[in-house]
**Q** 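One structure, as structure tokens, below. Some questions next.
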Number of protein chains: 2
Amino acid sequence: MARAAGVSPTTVSHALNGKGVVRRETVERIERIAAEIGYRPSAIARGLQNSRLGLLALVIRPFHSLDTFLPEGVDYFLRIAGAASLSAMERGYSMMLIDDPTRPGVPFSALAADAYIVTEPFENDPVLTMLSEQRIPFVTVGADPARRDLFPSIDEAAGQQAMTMIDHLSQAGAHRIALVTGTDRNDWNLGSRQALVDWCEARGQQPLVLALPEAEGEQVGERVIDHFFSGDPAERPDAVFCLTGRHAAGVTEAAIRRGIRVPEDLLVAAGSGAMQNRTSSPTVTTLDLRPEETAQLAVEVAVALAEGRPVQEPLATPTARLDIRESTTRAPGRAR
Amino acid sequence: MARAAGVSPTTVSHALNGKGVVRRETVERIERIAAEIGYRPSAIARGLQNSRLGLLALVIRPFHSLDTFLPEGVDYFLRIAGAASLSAMERGYSMMLIDDPTRPGVPFSALAADAYIVTEPFENDPVLTMLSEQRIPFVTVGADPARRDLFPSIDEAAGQQAMTMIDHLSQAGAHRIALVTGTDRNDWNLGSRQALVDWCEARGQQPLVLALPEAEGEQVGERVIDHFFSGDPAERPDAVFCLTGRHAAGVTEAAIRRGIRVPEDLLVAAGSGAMQNRTSSPTVTTLDLRPEETAQLAVEVAVALAEGRPVQEPLATPTARLDIRESTTRAPGRAR
DNA sequence: CTGAAAGCGCTTACAG
DNA sequence: CTGAAAGCGCTTACAG
């Protein structure tokens, strides 16, 4: 480019960036020639100056166990990703969706972001360890359960969200609530579990909790029913609260297959919604986690960190919205 | 790092990349120290060598007129983005979701991808012009209607997909099919329109076509009905084929509000599905464009281009799957 | 107003 | 086996 315009690289740089002092005509000539030959400064070379590319990365940790962003009917991750990409754009950043940046052989780019957003980190998550060791800015959505106040994080208040549902089930007539969590050791699973345990303790009940792999989706239905309904009839739950929508869908189906009526004999609810919960019969009550708002907040924080600006803590995700559906709505007078 | 290990940068580079010849012990020492101080080579500096970052970019052009990746109930774009990100990872690339890289003030990173995927480019799309001028590799999903064979593209066969639906409507009893396209001048809208025009011509009919903004979604319902049902009764369609699921949802609602029964008096179908088409009453027949497979193919091509490998043309998106629902299913004997 | 020099943090011939 | 030099494509003091 410098050669084409017959000037030095310095002048090209000055002219195109409006820095320094360059004669008007020179600027115009350089701009014209740049347009002609389709010259654009290399983003990489520019990034090298201040080690900033204007790039954010989103690491969706549950992907690790789920192996997809698109579990059938589950749009949570995609909604996070879409909203985060949008928010990033609005702030002049690009957003990159990556898997695990600690894996050997990741592309250069996976380590080149100015700041990272890590959703649902695991206990002692190696991704956070790496990021913090390298002093790369990051914010998590849901804390690392083992390092709660060590890193900037957006609190999910998993326990509080769980209580919203537990209260609802209780009001809907449940006396004995069983909880089905996933197996990932993240704040969502652990925090929700703790909330139920505390709640049961306060009422002198033994908590009924089962952890099953998120990835198994609807398939876990039979196992959940077997687990809670094969023992002492006095110990059977009258409500099952599954953290994932697909688990709840599977439980609902399995219950009905076994002749357990939903909601008459058993209330079922999910801590996060899947499409099938809106279309199944009965439809299933869920929590809408409002991932779009969470993503927006996360991007806001990530950008601040990338630019070295201070972040106002504490940060929290929006309160989940309770979508009450048939699975927890007993017709008055028809309750068992 | 070099200083910390008491060796030259060259040796560090050799040791960490397994290139050149370095004594075993030296390699080990360097690796140990690197681990200790959390040293990782800068992705940007490495990228500068071969101007490759291992970064792909996805430019979803309809975003321009839609202003969101998440129109209520429409998961098409997100499914493309999610699947593309996944496929990229599998091939050792990161995927970046960006808006319009030609806009002034875009982040450096938006111009730093090794190859671009542009979905649904517009006629004479400036994004393609810029990319081709700068000799940045790219592939489009759906051709630029004005430069059909100029750039590598994955053919959507919009006309063929439209014919699938037109044939279905015809078999379901339609004699007069109206088409509602979007207003973006892309291959999808233009190709589908052409297919209907040809089909009508072959049957000596005047084509009934209306283009309305994609972004208006369900709102267009009334306008579509007004447009096609206010004139000469002999000229009224007995089927409306909307390219977008939200348009179809709006048309179905509006028709019913006006006392036009669906499917008895009017068949309605959509060229791409939205959630509401599966849950409305009646449910609406749609085409499933299988965005995941399209995304996977696009990434495959983009990676090949980024690595300078030849691409096997012609390329085509998978054949859409027809999801037949109530809006085009007349009970036998009950048809008008 | 313009350009030669140094530097961003690495890698790659090449010389020792 | 190791390191000094050059270079990737820019930008930023600084000198002229």
Side-chain angles (χ1 to χ4, degrees), chain A residues 1-34 37-55 105-114 133-136 306-308, chain B residues 1-34 37-55 105-114 133-136 306-308:
Chain A
M1 170 63 207
R3 180 157 41 230
V7 294
S8 75
T10 308
T11 307
V12 173
S13 174
H14 282 162
L16 260 25
N17 296 314
K19 302 211 172 160
V21 201
V22 189
R23 210 199 317 173
R24 255 186 85 64
E25 307 153 33
T26 314
V27 172
E28 280 162 12
R29 186 162 49 88
I30 291 177
E31 278 172 349
R32 184 169 44 73
I33 294 177
I37 66 176
Y39 168 84
R40 298 236 175 183
S42 150
I44 302 177
R46 302 177 89 172
L48 190 56
Q49 310 296 322
N50 44 9
S51 35
R52 292 249 242 85
L53 233 31
L55 223 205
V106 295
F108 295 166
S109 50
L111 300 167
D114 303 339
E133 273 174 0
Q134 303 207 217
R135 300 198 177 68
I136 297 174
E307 296 174 358
Chain B
M1 171 65 207
R3 182 158 37 229
V7 295
S8 75
T10 307
T11 307
V12 173
S13 174
H14 282 161
L16 260 25
N17 296 313
K19 303 214 170 157
V21 201
V22 190
R23 212 200 315 172
R24 256 185 84 66
E25 308 151 33
T26 314
V27 173
E28 281 161 11
R29 186 161 49 87
I30 290 176
E31 279 173 348
R32 184 169 43 71
I33 294 177
I37 66 175
Y39 169 84
R40 300 237 174 183
S42 149
I44 302 178
R46 301 177 89 171
L48 191 56
Q49 312 295 322
N50 45 9
S51 35
R52 292 252 240 85
L53 232 31
L55 224 203
V106 294
F108 295 167
S109 50
L111 300 167
D114 302 340
E133 273 173 0
Q134 304 205 215
R135 299 200 176 68
I136 298 173
E307 296 175 357

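Note that the structure is predicted; figures quoted are calculated from it, not measured.
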**Q** Using only side-chain N and O atoms of A/Thr26, determine if any of them is under 4.0 Å from OP1 or OP2 of C/dC1.
**A**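 No, A/Thr26 has no side-chain N/O under 4.0 Å of OP1/OP2 on C/dC1.
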**Q** Can you tell me which stems DNA chain D forms, taking runs of 3 or more consecutive Watson-Crick or G-U pairs with both distances under 3.5 Å?
**A**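 Correct response: C:1-3 with D:14-16, C:5-12 with D:5-12, C:14-16 with D:1-3.
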**Q** Can a donor-acceptor pair be found between the side chains of A/Thr11 and A/Ser8 at a distance below 3.5 Å?
**A**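 Distance-only check passes for A/Thr11 and A/Ser8.
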**Q** Strictly under 4.0 angstrom, non-hydrogen atoms only: write out the protein contact profile of nucleotides 8-16 of chain D, one letter per nucleotide from the 5' end, B, S or -.
**A** BBBBBB---
**Q** I need the B/Arg46 CZ to B/Arg52 CZ distance, nearest 0.5 Å.
**A**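 Going from the CZ atom of B/Arg46 to the CZ atom of B/Arg52 covers 13.5 Å.
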**Q** With rounding to the nearest 0.5 angstrom, report the CG to CD1 distance, B/Leu48 to B/Ile44.
**A**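 With rounding to 0.5 Å, CG (B/Leu48) is 9.5 Å from CD1 (B/Ile44).
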**Q** Is it true that a side-chain atom of B/Asp114 and a backbone atom of B/Ala306 form a donor plus acceptor pair closer than 3.5 Å?
**A**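 No; zero donor-acceptor contacts below 3.5 Å.
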**Q** Name the nucleic acid region contacted by B/Val21, choosing base, sugar-phosphate or nothing; use a 4.0 angstrom heavy-atom cut-off, strictly under.
**A**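 Base: the residue B/Val21, judged by heavy atoms under 4.0 Å, touches a nucleobase.
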**Q** Rounding to an integer number of Å, can you tell me how far B/Arg24 CZ sits from D/dT2 C1'?
**A**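 It works out to 18 Å between those atoms.
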**Q** Once rounded to the nearest 0.5 Å, what's the spacing between atom CG of A/Leu16 and atom OH of A/Tyr39?
**A**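 With rounding to 0.5 Å, CG (A/Leu16) is 6.5 Å from OH (A/Tyr39).
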**Q** Before accepting this row, confirm whether a basic side-chain N of the pair B/Arg29/B/Glu25 lies closer than 4.0 Å to the acidic partner's carboxylate O.
**A**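 No, this pair does not count.
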**Q** Mark yes or no for whether A/Ser109, through its side chain, and A/Ala112, through its backbone, hold a donor-acceptor pair below 3.5 Å.
**A**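 Absent.
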**Q** Is any side-chain N of the basic residue among A/Glu28 and A/Arg24 closer than 4.0 Å to the acidic one's carboxylate O?
**A**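 So A/Glu28 pairs with A/Arg24 through a salt bridge.
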